[in-house]
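Worth knowing before you read on, the calculation uses all heavy atoms, side chains too, and leaves out hydrogens, waters and symmetry mates. Starting from 1, each residue takes its place in the sequence as its number.
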Amino acid sequence: MGFFKDFKSFLLKGDIVSLATAVVIGGAFNKIVGSAVADIIMPIVGIITGGTDFTQKFIALDGGEYANLAAAKEAGAAVMTYGNLIQAIINFIIVGLFIFIVLKAYEKSKKKEEEAAPAPAGPTQEELLAEIRDLLKK
């Protein structure tokens with residue numbers, strides 16, 4: 001029974017629950033960012049680059065000439081798809097930009113929250129001692 005009790009206490013630690021929550025939210029955030037990249041930003045990048053689809057860029061290692069990536073793979077040629085690396089780098093930069101913007105907005109809202117609610121100033125030690133003195137005199 002000791003193993004299961006230890007395992008249960010491990011799973012219910014605050015750190016593990018926080019980590020699990022972060023993973024779930026991260027997965028959802030990944031879908032949002034993925035959609036923003038695929039549906040909004042990459043079409044703009046495509047227009048800027050003249051409609052280039054980086055995922056179709058490849059080098060056939062057997063020296064053959066192929067019309068496109070699908071034809072090279074169908075022929076069984078070994079291909080190096082350097083376009084996928086370019087696409088991954090672009091995605092990484094865009095995701096990094098999104099995370100930067102979200103964190104900046106979070107920090108800005110946190111600063112406003114801290115500024116908006118200053119702690120009420122209580123009496124100083126001298127004021128408290130003077131009040132106690134006055135009460136004792138009475």
Side-chain angles (χ1 to χ4, degrees):
M1 282 301 226
F3 174 79
F4 291 111
K5 185 177 179 182
D6 290 345
F7 185 64
K8 181 181 175 186
S9 67
F10 170 75
L11 285 180
L12 297 179
K13 280 185 182 177
D15 296 342
I16 299 297
V17 174
S18 297
L19 179 62
T21 303
V23 168
V24 170
I25 290 175
F29 186 71
N30 184 36
K31 288 183 181 183
I32 293 169
V33 172
S35 174
V37 168
D39 301 332
I40 296 172
I41 296 173
M42 286 315 292
I44 295 169
V45 170
I47 289 171
I48 292 170
T49 61
T52 302
D53 182 8
F54 291 109
T55 60
Q56 295 299 313
K57 298 293 182 183
F58 69 98
I59 297 173
L61 298 177
D62 64 357
E65 295 284 328
Y66 302 98
N68 56 32
L69 181 59
K73 286 186 176 182
E74 187 177 307
V79 292
M80 185 175 6
T81 54
Y82 67 90
N84 287 336
L85 176 63
I86 294 170
Q87 184 72 37
I89 291 169
I90 291 170
N91 287 353
F92 175 76
I93 291 169
I94 294 168
V95 168
L97 177 66
F98 262 67
I99 291 172
F100 176 75
I101 291 170
V102 168
L103 289 177
K104 274 293 231 197
Y106 172 74
E107 289 297 322
K108 198 173 197 179
S109 70
K110 199 171 187 177
K111 285 180 184 176
K112 284 182 182 178
E113 208 174 87
E114 290 172 0
E115 291 173 5
T124 63
Q125 187 175 1
E126 289 79 15
E127 292 171 341
L128 287 174
L129 289 173
E131 188 178 328
I132 291 171
R133 181 196 63 211
D134 294 341
L135 287 173
L136 287 173
K137 282 183 181 179
K138 289 181 184 178

When you compare the side chain of Leu97 with that of Ile93, does any pair of heavy atoms fall below 4.5 Å? no
Could you measure the distance from the CG atom of Leu136 to the CD atom of Glu131? Nearest 0.5 Å is fine. 11.0 Å
Nearest-0.5 Å distance, CD1 of residue Ile89 to CD1 of residue Ile94: 12.0 Å
Minimum heavy-atom separation for Ala72 to Val79, with atom names? CB-CG1, 3.7 Å
Are Leu103 and Phe98 joined in one hydrophobic group, where the rule is that I, L, V, M, F, W and Y side chains link up if heavy atoms are under 4.5 Å apart? yes
Around atom CD of Glu74, are there more than 12 heavy atoms from other residues, nucleotides or ligands closer than 6.0 Å? no
Check Pro43 against Asp39 and note the closest heavy-atom contact, atom names and distance. CG-O, 3.7 Å
As an exercise, state the distance from CG of Leu129 to CG of Asp134, rounded to the nearest 0.5 Å. 11.0 Å
For Leu69 against Phe58, the heavy-atom pair lying closest together: N-CE2, 3.3 Å
In terms of hydrophobic clusters joined by side-chain contacts under 4.5 Å, are Ile99 and Ile40 together? yes
So, taking the atom named OG1 in Thr81 and the one named NZ in Lys73, what distance separates them when rounded to the nearest 0.5 Å? 6.0 Å
Quick one: side chain to side chain donor-acceptor pair (under 3.5 Å) pairs with a partner in residues 54-64, sequence neighbours left out? Asp53-Thr55, Asp62-Tyr66
